Amino acid sequence: MRKWGSAGMVTVLLVLILTACTGGSTNGSNVVQLEFFQNKPEAKASFDELIAKFNKEHPNIRVSQVNPPDAETVLKTRVVKNAVPDIIGMGATDTYSLLAQSGIFLNLTNDPLLKKVNPQYVQMLNDVTGMQEVTGVPFALNASGIIYNKAIFEKLNLSVPKTWDELIATAQKAKDAGVIPFYFTYKDDWQSNLPFNDMGGSLVGIDFYKERRENKTTFQAAYQEVAKKQLELLNYGHSDNFGKGYSDGNRAFGNGQAAMYIQGSWAISEIRKVNPDIKLGFFPLPASNDESQTKLTAGVDTLLAISAQTEHPEEAKQFLSFLLEPENSQQYIDQQNLFSAVDGVQQKDDSVSGLLPYFEQGKIVDFVDHYIPSAVQLNPTVQAFLQNKDINGFLSTLDKEWDKVAARRAS
């Protein structure tokens, strides 16, 4: 288990959780009732379809989905109140790490369920928690990079850039032709974090966060190049980079107002709602001039975990096994424009075909913000930095906030 300072917080959570009650039960007809709690509102309908299919095929088990607003906060509250759901679907974030360390999830380290998924994604869970035990099953992944308008690229005779210099040259050509190179949507602070994620993973890497936990390095020392390059990208935006939000960007890009969009795969379906006929492509953000070092930012968008206190672990595993069946995994990723953690299941959408070689070759790196505690307030800090352009102040703030969180967790 990862040790970050004292185990005080983990001990407190363990004490709270050891007496946890669960949502699982049986009714008068001996049907096992399981609560499936998941944090993605956009995935509710997709999971509803799969749950209906499972319930029909398993008349002795009934799964019910719970999908509240601000789900992670609700989940943490339920942990404290000793009301842990039987099955949890969530991202492989710092919140998952804390909950995993507190012992609320069933240990699945040697479970046959894990044989159905790519071990690289299982390793992502180990990396984010710092634990050897595996307490979740990767289900779906998302990716971040640059979505581009194929029609605009063809019209301007642009090629997909493979290096940082080529990316800047491509942006300049679009700008010279009177086309917005990148449509930035920095009114929403989480959008300003996207290039930080992409470049941080490629230029600095995930090992930085292991060293940062041990106070062997700092953001000030490691993230100078990331910060400088993120500022450089601002030269190729539009006239209101901080006045437009995510929904504005999806509409504008769908209407052909920019050549490129630094964004996640989750935006594709939203863009197509604006323009179903738009021809899109997707490539990783090339953060350096060494093409061989370019990696795709991709992480576990949804993992499946089982409460350690559920009264029905075998039935819960049956539901997880059902979701991991290739047919069901394929249905989910097709509807959600995601990628599957299940071996042999592939996203077939033409817009992301350029990303598939990176998955196939294992040239992917996790989202760096999965390793940054939410209390650090990364998103508004990046947003403020892009406005004040104070690199040293920005990186110093990240270090100070990280150290504050580490001190609280150690107390």
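Just so it is clear, the values below take in all heavy atoms, side chains as well, and ignore hydrogens, waters and symmetry mates. Because the structure is predicted, anything quoted here is derived from the model rather than measured.
Remark: side-chain polar atoms of D188 are not paired, donor with acceptor, to backbone N or O of Q191 under 3.5 angstrom. A donor-acceptor contact shorter than 3.5 Å is absent between the side chain of N142 and the backbone of D301. Between the side chain of H238 and the backbone N or O of I180, no donor-acceptor pair lies under 3.5 Å. At distances below 3.5 Å, at least one donor-acceptor pair connects side-chain atoms of D399 with backbone N or O atoms of Q220. No donor-acceptor distance shorter than 3.5 angstrom exists from the side chain of D94 to the backbone of I372, with no hydrogens or angles considered. Between the side chain of S321 and the main chain of Q318, no donor-acceptor pair closer than 3.5 Å is present. Under the 3.5 Å distance criterion, the side-chain polar atoms of K175 are matched with a main-chain donor or acceptor of N235. Without hydrogens or angle criteria, D198 side chain to A287 main chain gives no donor-acceptor distance under 3.5 Å. Using modelled atom types, no side-chain atom of D369 and backbone atom of N197 make a donor-acceptor pair closer than 3.5 Å. Q65 places no side-chain N or O within 3.5 Å of a backbone atom of E35 that could act as its donor or acceptor partner.
Contacts of Y236 classified as side chain to side chain donor-acceptor pair (under 3.5 Å), with partners at least two apart in sequence or in another chain: Q172. Scored by the salt bridge (Lys or Arg N to Asp or Glu O under 4.0 Å) test, D48 finds K44 as partners (sequence neighbours excluded). S353 pairs by the side chain to side chain donor-acceptor pair (under 3.5 Å) definition with nothing, not counting sequence neighbours. For E315, there are no side chain to side chain donor-acceptor pair (under 3.5 Å) partners, not counting sequence neighbours. Taking the salt bridge (Lys or Arg N to Asp or Glu O under 4.0 Å) definition, one finds that K273 meets it with E270, sequence neighbours left out. With sequence neighbours excluded, no residue forms a salt bridge (Lys or Arg N to Asp or Glu O under 4.0 Å) with D290. With sequence neighbours excluded, the residues that form a side-chain contact (heavy atoms from CB on, under 4.5 Å) with N337 are I268, S269, R272, D349. Considering only residues two or more places apart in sequence or on other chains, R62 meets the salt bridge (Lys or Arg N to Asp or Glu O under 4.0 Å) condition with none of them. Shown here are the side chain to side chain donor-acceptor pair (under 3.5 Å) partners of T135, two or more places apart in sequence or in another chain: Y96.
Defined by atom type and a distance below 3.5 Å, a donor-acceptor pair is missing between the side-chain atoms of T170 and E166. Checking D127 against Y371 by side-chain atom types alone, no donor-acceptor pair falls below 3.5 Å. For the residue pair Q293 / S288, no side-chain donor-acceptor distance below 3.5 Å is found, with atom types taken as modelled. In this structure, a donor-acceptor pair under 3.5 Å is present between the side chains of E49 and Q331.
Partner of F47 under the ring pair (Phe, Tyr, Trp, His ring centres under 6.0 Å) criterion, out of F37, F319, F36: F36 alone. For the side chain to side chain contact (heavy atoms under 4.5 Å, CB included) with T397, the lone residue among V376, L378, T381, V382 that qualifies is T381.
Rounding to the nearest 0.5 Å gives a distance of 12.0 Å between CG of L167 and NZ of K162. How far CD of E72 is from CG of N39: 5.5 Å, rounded to the nearest 0.5 Å. How far CG of L99 is from OG of S307: 11.0 Å, rounded to the nearest 0.5 Å. Rounded to the nearest 0.5 Å, atoms CG (L338) and CD (Q347) are 8.0 Å apart.
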Can you give each donor-acceptor pair under 3.5 Å made by side-chain atoms of residues 247-262, sequence neighbours left out, with the distance rounded to 0.1 Å?
| residue | atom | partner | partner atom | Å |
| --- | --- | --- | --- | --- |
| D248 | OD1 | R251 | NH2 | 2.7 |
| D248 | OD2 | G245 | N | 2.8 |
| N250 | OD1 | Y261 | OH | 3.0 |
| N250 | ND2 | Y246 | O | 3.4 |
| N255 | ND2 | R251 | O | 3.0 |
| Y261 | OH | Y246 | O | 3.4 |
| Y261 | OH | N250 | N | 3.2 |
| Y261 | OH | Q263 | NE2 | 3.3 |

Show me the donor-acceptor pairs within less than 3.5 Å that the side chains of residues 201-211 make with the rest of the protein, sequence neighbours left out.
| residue | atom | partner | partner atom | Å |
| --- | --- | --- | --- | --- |
| Y209 | OH | Y223 | OH | 2.7 |

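Ion pair E401/K404 flagged as a salt bridge, since at least one NZ, NE, NH1 or NH2 atom sits closer than 4.0 Å to an Asp/Glu carboxylate oxygen.
The neighbour count for N388 CG, taken as heavy atoms of other residues, nucleotides or ligands under 6.0 Å away, is above 12. Within 6.0 Å of CD on E360 lie more than 12 heavy atoms contributed by other residues, nucleotides or ligands. Heavy atoms from other residues, nucleotides or ligands lying under 6.0 Å from NZ of K279 number 12 at most. Environment of NZ in K187: sparse, with no more than 12 heavy atoms of neighbouring residues, nucleotides or ligands closer than 6.0 Å. Around the NZ atom of K116, the shell of radius 6.0 Å holds more than 12 heavy atoms that belong to other residues, nucleotides or ligands.
Annotation: ring-ring contact (aromatic ring centres under 6.0 Å, His included) contacts involving residues 115-139, sequence neighbours excluded, comprise F139-Y332.
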